[in-house]
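Numbers here are sequence positions counted from 1.
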Amino acid sequence: MKRMLSFIITVLVLTGVMAFTTPGLLDKVRLGLDLKGGFEILYHAEPMEAGAELSRASLQKTAESLEKRANALGTSEPEVTTEGTDRIRLKIAGVTDEAEVRKKMKEPAVLTFRSAAEGDPQGTYSKIELVGSDFVEGAAEVQRNNLNQPEISIKIKDKDKFAEITKRLLGKEMAIYLDDQLLGNPPVVRAVLTDGTASISGHYTIDGARELADTINLGALPLKLTEKYSQSVGATLGKQSLDQTIKAGLVGSVIILIFMIGMYRLPGLLASFALILHTWLLIAVFVVADFTLTLPGIAAFILGIGMAVDANIITNERIREEMRSGKSILSSVKAGNKTSFRTVMDANVTTIIVAAVMFAFGTGAVKGFALILIVEIVLSILTNLYFAHWLLTVLVKAGALKKPKQFGVKESDIRAL
């Protein structure tokens, strides 16, 4: 009775939670450019100064700067990727003012060192002392001071100008800005510097110091962006694709559930419940992790469902094979779960490895596909292996499954040991 009670409570609670939360979760899922419609731009990047070198680091930091600007526009999950050695592709879903996007995105990232002007409120710095082009290109680097704490070493082109600034601001703060965003806590000028070199220290982690050094190097070599290609993606096409995909997925899911229940009886019903829970958990992950749903993501979603169905079929077939050999119901369930677990885990682990490689070396849609597939497989292991196995074992031990025909096995197929 205790086992049956735990089974009933678990199923009822999960069913209630899924039924109550699913409509709200579906409304909160972010839709990507190919489903929601939006705007796509391909930029060609080149240094602002003639003859300057375009490095991979500066291209990557410019892409990150574009992503921050797109986020500031209040758009839905912008996708920014670098292509080749001098191109950046920007995809923004749900854009309403394309002219504003173009204007904001083309402005080069502006690095400034600022001090507080007379009349500035506390914590405000409006007077620009240095700009990115005042720094030696690529000279900012992370070092460690005498206390083994990270600090950033920088070099200024005009030594006299820097000496005048540090003399005037001795003991005062000089804030660092990228565009109009303050970067960290403003460092304090602690000495008059006459040789054009300085170090920025504070409560930096090694990663934070490296990020600031990269930002300064980016500001020393801002990139000019030229629009090479752009297109508007209509929401109607995306909506049609989404509606057709959802309809096909629902029809396929119903067919699969009917097949599972008809083929494997009550264990098939448990497997179907585990599949529904698996799908609900994946939608919840999309919302909680703020993932963006795209057509490649839907493809990974459906592929993961197919692998979950395979896991249930393999498990139930192994259990039926054990029953046909003459073993008891409980022994068959234990042996079938054990042997199928190794087979399914091998398949899932190898798929995760492939997806991890795709995520590490892919870009854009490939990364999204790989990430969703990895999440799918992890959830499948939790629901279609561990959880489904637990449900079946509880029912068997509770005495609810006593006959082979409840597993779809005929008495005539059972061999005597």
Side-chain angles (χ1 to χ4, degrees), residues 11 14-15 17-19 21-32 34-36 236-287 291-318 320 340 343-344 347-348 350-352 354-355 358 365-366 368-385 387-389 391-392 407-408:
V11 171
L14 288 175
T15 301
V17 170
M18 288 188 289
T21 60
T22 296
L25 287 176
L26 291 175
D27 289 339
K28 293 179 181 178
V29 174
R30 285 178 177 267
L31 299 181
D34 49 1
L35 297 176
K36 189 176 182 180
T236 302
L237 176 61
K239 188 176 186 303
Q240 289 176 351
S241 300
L242 181 60
D243 290 344
Q244 291 172 0
T245 302
I246 291 176
K247 186 181 295 183
L250 288 174
V251 172
S253 298
V254 170
I255 293 173
I256 289 171
L257 296 183
I258 293 173
F259 168 80
M260 295 287 289
I261 295 171
M263 190 75 176
Y264 302 109
R265 307 299 194 275
L266 188 54
L269 182 61
L270 298 180
S272 299
F273 181 75
L275 283 170
I276 294 171
L277 177 62
H278 164 89
T279 304
W280 177 83
L281 285 174
L282 184 61
I283 295 172
V285 169
F286 262 88
V287 174
F291 289 165
T292 299
L293 182 62
T294 60
L295 286 177
I298 292 175
F301 190 108
I302 294 173
L303 177 60
I305 295 280
M307 293 184 65
V309 172
D310 280 345
N312 284 297
I313 290 176
I314 290 171
T315 298
N316 284 299
E317 283 296 335
R318 291 293 170 87
R320 300 207 311 181
S340 66
T343 302
V344 174
N348 284 333
T350 53
T351 306
I352 286 177
V354 173
M358 292 172 63
V366 175
F369 175 87
L371 179 61
I372 300 305
L373 186 56
I374 291 173
V375 173
E376 274 263 36
I377 294 172
V378 172
L379 292 178
S380 178
I381 292 172
L382 294 176
T383 56
N384 298 289
L385 285 184
F387 182 68
H389 287 186
L391 288 178
L392 184 58
F407 292 81

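Interatomic distance, Thr383 OG1 to Leu385 CG, rounded to the nearest 0.5 Å: 8.0 Å. Atom-to-atom distance recorded for Thr343:OG1 and Asn348:CG is 11.0 Å, nearest 0.5 angstrom. In this structure, OG1 on Thr22 lies 11.0 Å from CG on Asp27, to the nearest 0.5 angstrom. Of the inter-residue distances, the one linking Leu14 atom CG with Phe387 atom CZ reads 5.0 Å to the nearest 0.5 angstrom.
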Donor-acceptor contacts under 3.5 Å from residues 264-271 side chains, at least two apart:
unit_1, atom_1, unit_2, atom_2, d
Tyr264, OH, Glu317, OE2, 2.8
Arg265, NH1, Gly262, O, 2.7

Side-chain atoms of residues 301-311: list all donor-acceptor pairs with protein atoms under 3.5 Å, sequence neighbours left out, distances to 0.1 Å.
none

Derivation of the side-chain contact (heavy atoms from CB on, under 4.5 Å) call for Met263 and Asn316: CA-CA 10 Å; Met263 190 75 176; Asn316 284 299; over 6 Å; no
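Checking Val378, Ile352, Thr351 one by one against Leu373, the side-chain contact (heavy atoms from CB on, under 4.5 Å) holds for a single residue, Thr351.
Remark: Phe273 engages no residue in a ring pair (Phe, Tyr, Trp, His ring centres under 6.0 Å) (not counting sequence neighbours). Take Ser340 and apply the side chain to side chain donor-acceptor pair (under 3.5 Å) test, not counting sequence neighbours, and it matches Thr315. Contacts of Asn384 classified as side chain to side chain donor-acceptor pair (under 3.5 Å), with partners at least two apart in sequence or in another chain: Asn312, Ser380. Checked against side chain to side chain contact (heavy atoms under 4.5 Å, CB included), Val287 has the following partners two or more places apart in sequence or in another chain: Leu25, Lys28, Val29.
Residue pairs satisfying the side chain to side chain donor-acceptor pair (under 3.5 Å) criterion with at least one member in residues 272-287, sequence neighbours excluded, are listed as follows: Thr21-Trp280, His278-Glu376.
Phe291 places none of its side-chain heavy atoms less than 4.5 Å from the side chain of Leu282.
Residues Met358 and Phe369 approach most closely at CE-CD2, 3.6 Å, considering heavy atoms.
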